[in-house]
There are 4 protein chains.
Amino acid sequence: MARVNTRQLITDAAVRVAARHGISGASMDEIAVEAGVAKGSLYYNFASKDAIFERVMRDGFERLGTVLSEARQGEAPGAVRAVAWATLRALRTNPDLARIMAAEVFRTDRPWHEALELARGSVVVQYRDVLREARVARGATAADAEQITETAGAALFGALAGAFLDWLLFRQDQPLELVLDQVLALGE
Amino acid sequence: MARVNTRQLITDAAVRVAARHGISGASMDEIAVEAGVAKGSLYYNFASKDAIFERVMRDGFERLGTVLSEARQGEAPGAVRAVAWATLRALRTNPDLARIMAAEVFRTDRPWHEALELARGSVVVQYRDVLREARVARGATAADAEQITETAGAALFGALAGAFLDWLLFRQDQPLELVLDQVLALGE
Amino acid sequence: MARVNTRQLITDAAVRVAARHGISGASMDEIAVEAGVAKGSLYYNFASKDAIFERVMRDGFERLGTVLSEARQGEAPGAVRAVAWATLRALRTNPDLARIMAAEVFRTDRPWHEALELARGSVVVQYRDVLREARVARGATAADAEQITETAGAALFGALAGAFLDWLLFRQDQPLELVLDQVLALGE
Amino acid sequence: MARVNTRQLITDAAVRVAARHGISGASMDEIAVEAGVAKGSLYYNFASKDAIFERVMRDGFERLGTVLSEARQGEAPGAVRAVAWATLRALRTNPDLARIMAAEVFRTDRPWHEALELARGSVVVQYRDVLREARVARGATAADAEQITETAGAALFGALAGAFLDWLLFRQDQPLELVLDQVLALGE
DNA sequence: TATGAATGAGGTTTCATTCAT
DNA sequence: TATGAATGAAACCTCATTCAT
């Protein structure tokens, strides 16, 4: 159990350090100091630096996937606004992690690339599905709704991430609800 | 004369290498080989690795800004579709650069951060303005249009970048026009 | 424990290498080989090459200061000969270090310049004081003795260093006592 | 003739740059800028960086030798004070060069080492001779005077250099004559 | 007589990883 | 379960030198 705590300590520290310097710029030394453990403990708990960040990234996308599922279950189908809002709140819960995910999501050179793609894909699919449901809810046929592809899901995710980071870096004095309005303003 | 050519050779090579390994992972050795010059020539023409990528990033955003201006000048105000299409074509012209820009645009730890922010800001403003114009074109008052802020511009840019990279990595067999349709499908 | 030993191993090696090539010409590679440790160990134990030589130079002057204090305590005031002899013996104990100190003592461009100046100053003051005491011992008033300034101390140190290095490079076959006589021959 | 001027321009610049950074730290780039010529011109006028500094050092010691000869010719034999004063004035004429000479005089790793040793030797011999003459002038026999060796000459040179640099770095507000007094105060 | 772009060997430094304790 | 000294490959960068003009 102490071990579980140490692992969490390490991944949390890794996220904070990577938010400051990027993943490549995050040194194991600085992560160890930030976590308050010795450098050797990093290797006792993880096989490598890559293993730490694979865990970080996978956890991040899986958590986002869970958030989206829960948001959709609590609403009628096609509740784009609810899903978007759930996304923004999730990103705000851990802004450091949000920044890392935004910078890494389209990189193909990382060792965890393949594992990450699955998690990312299941998130994008959820955005696609909610967009399809919304089209159906507006009276479209199922065939028509299927014109919506994962590319649209990626676009919605990009819009949310772009708007959130804009808010995080430049407009934190404003309520997050305004960000939601601005993203949905694209849908007019 | 030769110097101008060499500098271009170097920045072009730097973009290709960074697309493969990220900016941190792009070594000066590999950039030199890719550019076909000696490593010393990199330092004769640029003060540092950072200086190379500052130039790369700044050129990228300035180029995008120019593309957007030109697209807007050739159309009636509020031509979101035209601006979006111009963006996608510009990204396709240099997909390697597009990937780097997407990964770097929200990083604040880079030495070129401040310079980049100006260039990024002027791009985002153009998206915001075209969204405002579109709202006016649909009959809204000027006051109503000004509800649209730069956050919406950032969202549009994020949507375009997200959709483009999704296409670049997974769906290059499809025509780019479909990406445009999917992004605009958010606006329904 | 091991660390203390390693640090000493490194500074000792650095002195030997710098005696051969000068401080600027002493490469970290050669120091590592000379010390019998890996190059990385140099940086585990010292922040930089400069930090190594700051330690070397500071230790050197502090050691000399201690030697002078002890020599003066064992003699009547104004024992110039005893102090000069203690200096020459100390220089002979580590001739490599003596050469480095002679070459570096008046450089102001080194990062350790300021720290070194303090150590050098306290040595020069001791030479000045023993010269003053000697003048008093010959019957001069205290006011008269205070005509002697640190410049005279610097001159005595320069005379000893110049004579010692002349001996070291060209006349090691002769006993060191002759060097003492030659320096004191200035005082006639 | 233009060439002669350029060579002088270069060696003068080299002295200034080396006074700031040491000889090893003096880059050909900085020397060229300081001299106001292109880097290529350095190599048109000198074979190498070493050739520049060999010229600088040799000129310096030869100039000092000339100054000493002239000072001795203008005085009665054994005029230690006159010779010491001539030395101090010569050092003050070009303090940058004086600093370089002090730092380099006992280095054996420079390519110009052997050439320099001759010039240095002839200077030291003059100090030795004037010390011998002084002893004779005080009534000693020739045999007794020959007890004075070149080591004493090196000591006198070291005393003058040490005192001068102490003045140069810390006490330039005082007249140089005081430095002369302090050095001669050793001879009491 | 002079230039400056280009070079590449070699320098200092970083850092993920190992391992004895 | 945890530590931290030690490692060495590989990174960034410097700089004396060359050469076409």
Side-chain angles (χ1 to χ4, degrees), chain A residues 1-7 24-33 37-52, chain B residues 1-7 9-10 24-32 35-52, chain C residues 1-7 9-10 24-32 35-52, chain D residues 1-7 10 24-33 36-52:
Chain A
M1 198 186 75
R3 180 161 172 179
V4 171
N5 277 336
T6 300
R7 289 169 76 96
S24 297
S27 74
M28 293 297 265
D29 264 288
E30 189 171 352
I31 292 170
V33 169
V37 301
K39 186 155 49 158
S41 298
L42 268 44
Y43 287 88
Y44 187 79
N45 287 280
F46 291 91
S48 65
K49 176 178 168 180
D50 284 337
I52 295 176
Chain B
M1 188 192 79
R3 184 162 175 175
V4 171
N5 280 334
T6 302
R7 288 166 84 99
L9 233 45
I10 290 170
S24 298
S27 77
M28 293 297 264
D29 264 289
E30 190 172 350
I31 293 171
V37 301
K39 193 166 28 163
S41 299
L42 268 43
Y43 288 91
Y44 185 76
N45 286 280
F46 292 91
S48 64
K49 177 178 167 179
D50 283 337
I52 295 177
Chain C
M1 186 192 77
R3 184 163 174 176
V4 171
N5 279 335
T6 302
R7 287 166 83 99
L9 236 43
I10 290 170
S24 297
S27 77
M28 294 297 266
D29 263 290
E30 191 172 350
I31 293 171
V37 301
K39 193 163 29 162
S41 299
L42 268 42
Y43 287 90
Y44 186 75
N45 286 281
F46 291 92
S48 63
K49 177 179 168 179
D50 283 337
I52 295 176
Chain D
M1 200 186 74
R3 181 162 172 179
V4 170
N5 276 335
T6 300
R7 289 170 78 96
I10 290 169
S24 297
S27 74
M28 294 297 265
D29 264 287
E30 190 170 352
I31 292 170
V33 169
V37 301
K39 186 158 45 160
S41 298
L42 268 45
Y43 287 89
Y44 187 80
N45 287 280
F46 291 91
S48 66
K49 176 179 168 179
D50 283 337
I52 294 177

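Proteins get letters first, then strands, A, B, ... in listed order; numbering begins at 1 in each.
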task: Go through E:dA2, F:dC13, E:dG8 for me and flag the one nearest to the B:A38 side chain.
output: E:dG8
task: Starting from P on F:dT7, measure out to CZ on C:F46 and report it in whole angstrom.
output: 14 Å
message: Counting only side-chain heavy atoms from C-beta out, which of F:dT18, E:dT7, E:dA6 sits nearest to B:T6?
response: E:dA6
- prompt: At under 4.0 Å between heavy atoms, what does D:A26 touch on the DNA or RNA strands: base, sugar-phosphate, or nothing?
  reply: sugar-phosphate
- request: Quickly work out the C:I10 CD1 to F:dT7 C1' distance and round it to whole Å.
  value: 12 Å
- prompt: With a non-hydrogen cut-off below 4.0 angstrom, is C:K39 in contact with a base, only sugar-phosphate, or nothing?
  reply: base
- prompt: With respect to the side chain of B:Y43, which nucleotide from E:dT13, F:dA5, F:dC12 is positioned closest?
  reply: F:dC12
- prompt: Checking all strands, does A:S27 fall into the base, sugar-phosphate, or nothing category for heavy-atom contacts under 4.0 angstrom?
  reply: sugar-phosphate
message: Judged by each residue's nearest nucleotide on DNA chain F, which is more toward the 5′ side, C:G40 or B:A47?
response: C:G40
task: Can you tell me the distance, in whole Å, between the NZ atom of B:K49 and the P atom of F:dC13?
output: 8 Å
query: Taking the nucleotide of DNA chain F with the closest heavy atom to each, which residue, B:M28 or C:G36, is nearer the 5' end?
result: C:G36
query: Closest to the B:S41 side chain: E:dA6, E:dT3, E:dT13?
result: E:dA6
